[in-house]
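We number each residue from 1, following the sequence as shown. FYI, side chains are in, hydrogens and waters are out, and symmetry mates aren't considered; it's all heavy atoms of this structure.
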Amino acid sequence: MPDTTAPNLVAAVSEARHWDQMMAMARIGAFTDPDGNEGVNRPCLSALDREARRLLIKEAQGIGLGVSIDAWGNLFLRHEGTDATLAPVLTGSHMDSQPNGGRFDGIWGVMAGLEAVRAIREAGIATRRPIEVVAWTNEEGGRFAPGCMGSMAFTGFARPDTWDAVADKDGITVKEALAEHLAEEADIPRRPLGVVEGRAPHAYVEAHIEQGPLLEREGQDVGIVTGIQGSRWFLVEIQGRTDHAGTSPVSLRQDAVQDAVRAINALNALMHDPTDVLRFTVASIEVSPNTSNTVADRVRFTIDFRHPDNTVLQARGNAIAGVIQSALRHCRFTLTERFHAAPVEFQPPVPDALERAARAQGLKAKRMPSGAFHDAQFLVPHCPTGMLFIPCRNGVSHHPAEYASPEALAAGTRVLAQALLQLAND
């Protein structure tokens, strides 16, 4: 087995080249907000998404990697090992962004994988196993909810056609957008979708910015992720009746807004947690007909509920319908659960490899859970899985002010390269 602490591998990771490639990606879908922050709006399965993928493919082919896609548009860049019969080590993340997103979320994991593989090749180190860099389709859920569709289809967590009818704000469905996407990439070799029996990856490693303040606040260089908390997403629709705001008596109204307020207040009480571990968010609210002098007949709002303890996740999530029903006075409601993923813990092989690599390079490493969900969550049943975090300024993410320094990006990529080499030669 090669020396996985080989100095030539660490030195082969180029901070300047890595930053330049990150900034090249950031120009695709770039915008500047009113405060002067440079953000990215790159929806999945869009022309901008495909432009970014073509740039990635060009870089990958330039260093001799094989390229393929599957039926869900997941993109794979393959470095061959010396034994083609062995399952590959997989690393990557996603390339799509939130509508008001930053330049580092997701895309760094893909570009870090590419730079790590490039460094292994430039250092002249062979790997027994192949290494594949993957860009998963629609992790963010910004255009089509929920997120992580590509990795869920790949792992069999959900059927590939589960989200066919889900539509974006323009009425375009997932089925239509994916068909257009695959037609535009018909020249790229196609591979089977999913974890084929007996051919699951040997391991999966995902590099990501922390999206929180702990690493920066504590002066840590990297985070070794121990697991991901569970998530449940719901859509609530409250149906009332439209009336004239000036002529209809309040006592006779079926006001969807007033009942929505009652429901949200009751849900806040249900989700109250003195320990501040639970995460409950109502972030999207739509009112119809949304005019100033008309009583609303319909309100739709989303629920994002997360917790690391599956018992709490199930009990409080299952109580949502009853709490809403009890809170309503005049209206009806429907509740649709759009996403449900239990908490996962990462088993030792991958976190241990990442921590050994960090320590070998003299970096400070912190073991920590992930509050956000990631594609890694769905690989856990199939192979040893883990994640690597790097600090981001003020913990800001999903916003144009999101920032990670060139030094932090390079340090994380060096840890990733060393860990990939170890895993690929197990």
Side-chain angles (χ1 to χ4, degrees), residues 18-53 55-56 93-112 135 138-147 167-172 177 208-217 233 235 257 260-261 264 279-292 296 299-304 306 371-374 389-409 412:
H18 187 39
W19 180 258
D20 287 346
Q21 292 185 338
M22 286 289 297
M23 294 304 99
M25 282 292 179
R27 287 191 285 273
I28 302 174
F31 69 93
T32 303
D33 75 4
D35 296 322
N37 298 305
E38 298 177 11
V40 170
N41 180 6
R42 191 165 55 230
C44 73
L45 301 176
S46 67
L48 288 172
D49 187 15
R50 288 187 285 276
E51 182 182 348
R53 287 158 64 94
L55 178 58
L56 179 67
S93 192
H94 62 95
M95 304 179 73
D96 61 319
S97 77
Q98 287 290 325
N100 194 45
R103 298 175 290 168
F104 302 91
D105 176 4
I107 188 62
W108 176 61
V110 177
M111 302 310 293
N138 189 34
E139 191 273 352
E140 287 291 358
R143 182 184 181 191
F144 299 109
D168 65 10
K169 61 182 179 59
D170 297 317
I172 299 171
H208 210 280
I209 61 172
E210 181 194 353
Q211 300 181 284
L214 295 182
L215 294 177
E216 181 184 58
R217 184 175 299 168
W233 287 10
L235 176 65
V257 166
V261 170
I264 292 170
R279 300 289 183 264
F280 171 73
T281 307
V282 173
S284 174
I285 301 177
E286 301 174 9
V287 178
S288 174
N290 201 31
T291 62
S292 62
V299 173
R300 287 160 48 105
F301 64 87
T302 60
I303 294 172
D304 183 322
R306 310 185 192 205
F373 68 82
H374 300 277
F389 282 170
I390 59 168
C392 55
R393 187 169 61 196
N394 299 322
V396 173
S397 185
H398 286 189
H399 188 274
E402 177 183 278
Y403 181 79
S405 71
E407 297 82 7
L409 297 173

How about Asn138 and Arg143: do any of their side-chain heavy atoms sit closer than 4.5 Å? no
Give, for atom CZ of Arg53 and atom CG of Asp96, the distance between the pair rounded to the nearest 0.5 Å. 10.0 Å
Note: Pro289 and Ala296 closest approach over all heavy atoms is CD-CA, 4.1 Å
In sequence, state the C-alpha distance, the side-chain angles, and the governing distance for Met25 and Val40, and then conclude on side-chain contact (heavy atoms from CB on, under 4.5 Å). CA-CA 9 Å; Met25 282 292 179; Val40 170; over 6 Å; no
Taking the side chain as every heavy atom from C-beta outward, state whether Thr281 and Arg306 have any pair of such atoms under 4.5 Å apart. no
Rounded distance [0.5 Å steps], OG in Ser93 versus CE in Met111: 12.5 Å
Name all residues meeting the side-chain contact (heavy atoms from CB on, under 4.5 Å) criterion together with Asp33; count only those two or more places apart in sequence or in a different chain, and write none if there are none. Phe31, Asp35, Asn37, His399, Pro400
Are the side chain of Glu402 and the backbone of Arg103 linked by a donor-acceptor contact shorter than 3.5 Å? yes
d(Leu55 CG, Gln21 CD) to nearest 0.5 Å is 8.0 Å
Heavy-atom side-chain contact between Met95 and Ile107 under 4.5 Å: yes
Side chains of Trp108 and Ile390: does their closest heavy-atom pair fall under 4.5 Å? yes
Check whether any side-chain N or O of Arg42 sits under 3.5 Å from a backbone N or O of Ala52 as a donor-acceptor pair, and report yes or no. no
Rounded to the nearest 0.5 Å, how far does CG of Leu45 lie from CZ of Arg50? 7.5 Å
Between the main-chain N or O of Leu215 and the side-chain N or O of Glu210, is there a donor-acceptor pair closer than 3.5 Å? yes
What's the shortest heavy-atom distance between Cys44 and Phe144, and which atoms? SG-CD1, 3.8 Å
Are any non-hydrogen side-chain atoms of Asp105 and His398 less than 4.5 angstrom apart? yes
If you define the side chain from C-beta out and look only at heavy atoms, does anything of His374 sit under 4.5 Å from Gln211? yes
Given 3.5 Å as the limit, does a donor-acceptor pair link the side chain of Ser284 with the main chain of Thr302, or not? no
What I'd like to find out is whether the side chain of His94 reaches to under 4.5 Å of the side chain of His208, using heavy atoms alone. yes
Nearest-0.5 Å distance, CG of residue Asp304 to CZ of residue Phe373: 7.5 Å
Is there a donor-acceptor contact under 3.5 Å from the side chain of Asp168 to the main chain of Asp170? yes
Distance col, row Ile264:CD1 vs Phe301:CZ, nearest 0.5 angstrom, shows 4.5 Å
Minimum heavy-atom distance Ala260-Val299, with the two atoms named: CB-CG1, 3.7 Å
